[in-house]
*Asks:* 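The structure under discussion is supplied below as structure tokens; questions concerning it will follow.
To find a chain, count down the sequence lines: A is the first, B the second, and so on, and within it residues start at 1. All figures in this text were calculated on a predicted structure; none of them were measured in a lab.
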Amino acid sequence: MSVGKKENSGKLRQRFPSKNHSPEISAVANEKEDLKKQDDNTSSVKSDSKYCNLFGYVLVPLLLTVIAGFVRTWHIADSPIVVWDEAHFGKFASYYLKHEFYFDVHPPLGKMLNAVAGKLVGYDGHFGFDSGATYPENMNYKFMRLWNAVFGTFCIPLAYYSAINFGYSFWSASLIGLMIALDNHLATISRFILLDSMLLFFILSTFFALSRFHVYRKQPFSFYWFKWLALTGICVGCVCSVKLVGLFITAVVGIYTVDELFRLLNNKKVTWTAYAGHWLTRIIFLIILPFLIYALTFWIQFLVLSKSGPGDAQMPSLFQARLEGSPLTKNPVDLMYGSKFTLKSRNPAGALLHSHIQTFPGGSKQQQVTGYHHKDGNNEWVFLPEHGVNYNFEENDPKIPIKEGSLVRLVHPFTNRNLHTHQIPAPLNKRMYEVSGYGLGDIGDEKDYWVVKIVSDAAHKDASSVRSLSTVFQLYNPIMECYLSSSTSSLPAWGFGQIEMYCDPNTDAKDIDTHWNVEEHINPRLPEGSLKDYPNSFWNDFLHLNRAMLRANNGLVPDEDKLDALRSSAYQWPFLLATLRMCGWGDEQIKYLLIGNPIAYWFATASLFGFALFIVGSILGWRRHALRWNEKTFDAVHFAGFYPFLGWFMNYLPFYIMGRVLYVHHYEPSYAFSTFTAGFMVDWFAQKLPRVARITVYLMLYVIITAVFIYFKDVTFGMHGPSSNFHHLRWLKSWNVHD
Amino acid sequence: MKPTVTDKSGKKNQKSSKQKGSASRPSSPSPSPSSPSPSSSPTPKKAAESSSIPHVVSSSGSGPGSFFNKKLQFWKLHIPNEVVFDEVHFGKFASYYLQGKYFFDLHPPFAKLALAFVAWCAGYDGHYLFDNIGDRYKDHGVPYVSIRSWPALLSSFVPPLVFLIMKESGYELPACLVSACLVLFDNAHVTEGRLILLDATLIFSMVAAVYCYVRFFKLRHSPFSRAWWSWLFLTGICLSCTISTKYVGTFTFLSIGLSVCLELWYLWDIKTGLPIKQFASHFLARFFCLIVFPFALYLFWFFLHFKFLPTSGPGDSFMSLQFQETLDENPITANATGLNYYDIVTIKHMGTNSFLHSHPDKYPIPYDDGRISSGGQQVTGYPFEDDNNYWMVLPHNHYADPKYKPNMPVRNTDYIKLHHVGTNTDLMTHDVASPYHPTNEEFTTTSVDESAGAKHDFTVFQIMINDETAPDRKVFTKSMSFKLIHKLTNVAMWSDPKPLPDWGFKQQEINGAKNIQTGAILWMFDDIIGLPEERVNKEKRVPKKLSFFKKYLELQLVMFRQNNLLTESHPYSSTPLDWFTLHHGIAFWAKNEENKQIYLLGNPIGWWLIGGIVITTTVVASAEILLHQRGIVTLLPSVRNHFYRSIMFFYATYMFHYLPFFLMGRQLFLHHYLPAQVAGAMLCGAFIQLACMKSFHLPVSPGAKQPNDVDSHGYAKSLRRNGYIIQVLTSLGLISVLSYCFVFFAPMTYGNASLSVPEWLRRKWLDSWIFQYQK
């Protein structure tokens with residue numbers, strides 16, 4: 001039977017000549033033996049490998065790096081103004097240098113690296129980085145930009161050596177290096193104080209470490225195997241600490257690992273003990289180690305940002321109280337009737353109870369009560385007794401504390417409304433009751449009354465009265481039989497994207513949404529408190545901040561009503577249909593446009609389609625026994641072909657699911673991986689050509705990519721003069737080179 | 001074996017109907033107008049696509065089961081005699097079909113057409129619009145029992161079909177019965193199947209599709225035979241009906257599609273020995289019967305949909321003006337008038353229905369946020385009739401060449417000026433940021449002198465009729481939407497409903513948006529003020545024609561768009577995770593004074609069992625894959641084969657009907673789980689057999705090669721001793737628990753019994769089930 005099959009398949013047209021069928025020319029030392037075994041491989045392979053040793057390892061990557069470094073630094077300081085998101089990331093660097101606590105959706109590593117650059121040149125953090133503002137005389141912004149350019153430049157050797165490690169030919173590796181080095185988009189974005197060049201650097205270093213690990217895959221538990229596994233883990237930790245987009249390359253590493261572990265399971269030589277060892281080492285190095293690095297960056301962040309700053313309100317009250325210069329440190333301790341305070345939810349959204357004169361568009365149409373994350377006078381509330389009961393709050397009047405079971409009214413001093421609830425469904429969670437601002441001062445009804453129920457106290461053993469910061473309590477509305485709760489979802493535009501508040505009729509005492517603490521407390525009649533030793537948990541703060549980041553990230557939804565020329569859609573990126581203006585477009589200004597090297601982009605995208613077709617065709621052919629690959633060829637397609645493609649896929653597809661605002665630079669990591677696929681496809685098809693033709697093909701590609709980069713050089717080095725001078729760059733109508 | 005089925009179900013039938021009889025008698029409020037089985041009228045007119053089913057039912061000996069199920073479905077069908085939950089929608093749609101008034105709905109038309117057809121057969125004329133939940137049908141003369149009997153009939157075929165699917169897939173009788181009973185005694189299926197809703201049709205066609213596919217799959221050893229073709233074709237029809245009922249049907253397509261792909265993958269294998277040509281005919285047969293034909297049928301329902309809805313109705317506003325013009329009696333065609341220069345018109349914003357408005361008040365020079373305006377006259381959107389909404393359309397060269405030519409029509413792509421009559425100024429825009437949008441240009445007006453002189457270029461706008469490029473097309477009021485593009489700065493007049501602050505009298509902002517392709521930039525000329533009598537349209541205009549495909553494409557796009565807008569939370573919406581554990585139900589209907597209600601809730605025991613078995617199957621399958629990779633044999637080859645082909649097919653069907661809901665942004669309800677629940681029921685039966693007997697009766701398909709690990713009775717050799725008895729006992733236990741639980745929760749399924757508060761509380765197993773009763 002099997003013999004017959006072989007004959008059968010032998011008769012079928014061979015799709016790939018068996019001679020020289022392997023696209024990969026590996027120069028890695030420990031694979032040389034394999035190479036020697038391939039006797040039928042022609043001399044071209046051998047001479048190629050000689051090239052690799054001489055040029056391939058030193059000269060070519062060096063040359064590519066120099067080219068990349070040149071295009072990323074040439075005239076880097078021409079534009080003395082704050083360009084694009086320098087306004088954000090420059091500002092964040094400043095906060096580190098000023099040690100002020102701020103809040104942002106991205107993890108800290110990339111921003112801290114920018115701060116390091118600032119520190120190195122003695123920048124003190126006092127420039128505001130307003131969009132479009134000119135840098136002050138004495139500020140060395142050039143160095144901070146160069147610092148980013150260095151990260152951008154080192155992407156090229158990483159990509160080059162990754163390709164070599166995965167067995168690409170030296171010609172293809174050079175092509176990949178060149179496509180990344182001379183991509184106008186990558187070159188442009190590496191020239192400013194942003195996170196993008198660092199992100200790509202860490203993504204490619206992860207891929208590089210993985211490729212080295214791949215080289216040593218057949219010597220498990222050797223020193224180099226451990227070394228590169230650990231380095232892969234470290235890189236994964238770093239890339240996730242720059243932007244959460246790093247999770248996509250982490251997924252690639254994860255799939256590689258699962259793939260390998262699944263194949264190992266089939267290998268009877270691997271004992272169960274060894275197999276468990278494989279699992280254990282990977283769990284330690286690829287899960288625990290990266291996580292520790294991620295947490296470490298936050299630990300440093302908390303250490304460095306020791307002063308009160310604009311991000312305070314995102315954090316739990318007790319965290320804020322520890323920040324230097326926070327007003328909370330002077331809070332009087334015990335709350336009394338007549339105290340003015342802000343009320344912070346203990347749930348992950350952690351919003352402050354807020355109200356403003358705008359009314360609900362539906363429901364009761366009364367004044368909105370929402371949750372707000374920033375300091376604002378409208379967050380203030382006052383504890384008062386029931387309607388008709390008058391306490392005086394003069395200097396010598398009795399001070400009546402708020403205790404367990406106290407019946408209180410919460411009055412919003414700015415608008416003089418009472419916190420009120422009633423049997424009207426809340427705007428989003430229709431099972432809950434709406435909470436609104438109702439009545440006016442002393443006019444109101446008994447649905448304005450709330451009972452204080454204390455849950456716990458973090459600093460005092462006796463938890464019978466409400467103390468600022470430390471007491472966790474609930475507010476229970478006895479008429480409606482519900483608890484004041486904070487939701488985690490945001491209101492639509494009419495509520496300014498603030499958090500929804502409601503009164504929850506079916507809940508139990510453990511529900512964290514119903515837990516509150518007093519954050520700021522103002523009562524001139526009481527003595528200033530002094531900061532006690534509140535329990536301090538790094539992991540709590542870490543978790544809280546991460547949840548807040550995720551929520552803020554999800555909050556970055558595009559406002560459909562705002563016609564924003566900067567935004568783009570994911571489908572536009574691979575075809576280079578969208579561009580992005582990084583600064584104002586005045587005639588006098590030096591203008592930078594984010595646009596890829598069109599030929600490189602289109603070539604890479606075409607290769608992706610080609611690769612997909614090639615894979616489908618190969619699988620169908622394999623099933624018909626029309627495919628004659630040996631193990632080496634199969635491995636080449638499996639690793640050198642499939643994993644970069646997966647890298648492209650994993651870094652691209654999630655953007656279709658994401659609801660947030662998208663910009664062209666989100667495609668950068670995907671583009672980098674698509675150049676690998678391009679290199680692979682050229683390798684695969686060019687190897688069948690005669691040597692001269694093959695080299696000609698490569699040289700032509702090099703020349704075209706370089707020429708197109710030069711043609712578009714102004715978008716990278718800065719467009720001087722009116723934009724109408726650059727009509728020739730507008731190949732597609734959708735590229736907004738000029739108005 | 002067969003007699004036992006009959007016996008068992010027959011006995012149960014008697015027993016449970018007795019129980020129910022006793023439960024209902026004291027409480028039935030009004031004598032029913034007809035016997036509770038009014039299937040007489042709709043049954044013969046059943047749609048052609050299910051013609052094979054009665055034959056199957058009778059031939060396979062589950063007739064009594066089916067009867068029993070009819071009993072469950074039809075029993076007390078007239079209760080409640082009021083509008084329940086979404087009957088508000090689907091009843092209304094049936095009425096619209098009968099009235100011929102165009103309406104819009106998110107779901108494809110098939111099931112709604114069928115409901116309307118049944119209603120028409122019952123002699124209903126569609127006069128009542130099912131306005132509120134709790135309206136009494138009798139007050140409106142709706143033959144609701146007959147209409148409800150159609151979904152009830154379809155729904156009552158589901159358990160027999162499940163039984164047959166299991167039987168055809170080669171499972172033992174107890175396994176088949178467990179699967180069927182998980183659906184039969186499911187309160188949610190019964191509740192949904194008794195009311196004027198789409199789910200009965202959906203689930204029936206889904207289960208029928210699976211049944212036909214299983215039959216088709218079993219014939220794979222005699223391809224291209226007549227039976228093979230028939231079952232393939234029937235699969236296509238059923239799939240088409242599923243997707244034409246609700247788009248959840250896509251998941252049925254995916255489940256069966258995956259299986260078909262695997263089949264083709266097997267056929268493509270060179271070891272199967274098919275020449276390419278023969279493979280191509282396999283492929284084409286499936287492609288045609290499972291994709292092309294179902295799609296054509298799907299389109300056919302839309303064809304009928306347009307055919308039966310010729311008149312303008314409540315759905316007009318969802319559609320484009322071109323579409324609306326095709327409807328009889330549409331106000332647009334009736335009132336459309338050609339626009340001439342020097343006409344005074346009102347201009348309405350599409351989407352917000354506000355009029356372009358201006359008044360002498362100026363923009364405040366510094367805004368609250370410190371930005372600066374031009375201080376020019378305000379141009380706003382105002383939703384009410386007002387003299388300040390009047391604009392005169394001037395040719396762009398009016399001031400240079402002020403010759404009045406009567407009856408000069410305005411044409412597409414013309415350059416015009418808009419003259420504000422009330423303040424004697426001309427509309428303009430310039431590169432000044434608008435009040436709310438720094439990226440957009442401010443709209444204001446300028447004096448006639450300036451418009452004639454220095455500011456001429458700022459006041460010239462171009463009319464671009466939406467979706468119309470011909471430059472000579474005359475502009476009509478009401479029937480056309482257009483964009484107003486500013487010639488100098490290339491922005492489009494734009495508006496949104498956000499009110500301006502007090503200085504703008506809370507009217508809405510109008511500005512120039514840089515995106516001139518999409519967005520809220522469409523406007524319409526509404527009324528011509530002081531239209532001379534001779535230009536008023538007198539004769540009745542014939543509605544325009546639009547090709548079916550254009551109409552279909554437009555409707556399809558609007559349906560998808562509207563579906564994505566359904567994101568608002570609903571008091572009874574739930575999340576997919578809630579379904580798995582039956583965390584929430586839906587209050588369909590309640591009569592508080594009598595303490596009666598209908599609350600949609602599955603049979604908790606059944607649902608929790610399904611949930612548990614889904615998790616167990618996941619674990620078992622993953623473990624098997626890993627062990628197999630290691631070369632450790634846990635299942636005999638033939639058992640393994642059956643496990644992956646049949647049990648995992650049910651598993652995949654479950655997952656395809658469940659997991660995608662996690663990705664959906666729209667509001668979800670408990671009844672979205674029902675298709676997955678049916679698949680889960682089949683999985684349960686199959687898994688129980690695997691667990692109890694560790695063996696199957698093989699081979700299942702006629703013509704298949706006898707596996708060599710099968711004993712002389714046809715069972716795989718791994719058969720557990722006494723396995724069959726264990727299975728029978730397990731199944732009997734399960735079925736009795738399920739039926740008890742069903743009866744226990746029956747009052748909220750049928751809404752027939754007044755229970756006291758403690759009785760309701762006894763049924764409140766989870767705190768999250770919110771029953772309504774008087775305390």
*Asks:* Could you tell me if the side chain of W622(A) sits less than 4.5 Å from the side chain of I270(B), heavy atoms only?
*Replies:*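 Sidechains of W622(A) and I270(B): no contact.
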*Asks:* Heavy-atom cut-off 4.5 Å, strictly under: side chain, backbone, both or neither for L264(A) against chain B?
*Replies:*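 Just its backbone gets close to chain B.
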*Asks:* Are there over 12 heavy-atom neighbours, none belonging to W503(B), within less than 6.0 Å of that residue's CH2?
*Replies:*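 Yes, CH2 of W503(B) has more than 12 neighbouring heavy atoms, counting only those of other groups under 6.0 Å.
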*Asks:* Pair R624(A), D269(B) - check side-chain contact (heavy atoms from CB on, under 4.5 Å), show working.
*Replies:* CA-CA 6 Å; R624(A) 290 307 276 194; D269(B) 190 351; over 6 Å; no
*Asks:* Would you say CD1 of I357(A) has more than 12 non-hydrogen atoms from neighbouring residues, nucleotides or ligands within 6.0 angstrom?
*Replies:*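 No, not enclosed.
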*Asks:* F262(A) versus chain B, heavy atoms under 4.5 Å apart: side chain, backbone, both or neither?
*Replies:*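 Its backbone and side chain both get close to chain B.
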*Asks:* Give a yes or no on whether the backbone of R630(B) and the side-chain of K268(A) come within a donor-acceptor separation of less than 3.5 Å.
*Replies:*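 Yes, K268(A) side chain to R630(B) backbone: donor-acceptor pair under 3.5 Å.
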*Asks:* Tell me whether H738(A) at atom NE2 has more than 12 heavy atoms from other residues, nucleotides or ligands lying less than 6.0 Å away.
*Replies:*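 Yes, NE2 of H738(A) has more than 12 neighbouring heavy atoms, counting only those of other groups under 6.0 Å.
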*Asks:* More than 12 heavy atoms of other residues, nucleotides or ligands under 6.0 Å from OH of Y266(B): yes or no?
*Replies:*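 No - once you tally the heavy atoms of other residues, nucleotides and ligands closer than 6.0 Å, there are 12 at most.
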*Asks:* Name the option with the most non-hydrogen atom pairs under 4.5 Å to chain A; the candidates are I276(B), L663(B), N490(B), T272(B).
*Replies:*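 Of the candidates given, the most pairs with chain A belong to I276(B).
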*Asks:* Search all heavy atoms of Q629(B) against all heavy atoms of R263(A) and return the closest pair with its distance.
*Replies:*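 For Q629(B) and R263(A), the tightest heavy-atom pair comes out as NE2-CA, 3.9 Å.
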*Asks:* Any chance you could lay out the side-chain contact (heavy atoms from CB on, under 4.5 Å) test for I619(A) and W268(B), step after step, and finish with the verdict?
*Replies:* CA-CA 11 Å; I619(A) 290 175; W268(B) 177 252; over 6 Å; no
*Asks:* So which atom in L626(B) and which in L265(A) form the shortest heavy-atom distance, rounded to 0.1 Å?
*Replies:*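 Answer, listing the atom of L626(B) first, then L265(A): O-CD2, 3.1 Å.
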*Asks:* Could you pull out all residues at least two apart from R282(A) that satisfy side chain to side chain donor-acceptor pair (under 3.5 Å)?
*Replies:*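 Listed in chain order: E260(A), H278(A).
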*Asks:* Step through the shown structure and confirm whether more than 12 heavy atoms of other residues, nucleotides or ligands are within 6.0 Å of CZ on F287(B).
*Replies:*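 Open.
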*Asks:* Does any backbone or side-chain atom of I632(B) lie under 4.5 Å from a heavy atom of chain A? Answer side chain, backbone, both or neither.
*Replies:*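 The answer is the side chain of I632(B).
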*Asks:* Who pairs with H430(B) by side chain to side chain donor-acceptor pair (under 3.5 Å), at least two apart in sequence or on another chain?
*Replies:*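 Partners of H430(B) under the side chain to side chain donor-acceptor pair (under 3.5 Å) test: E442(B).
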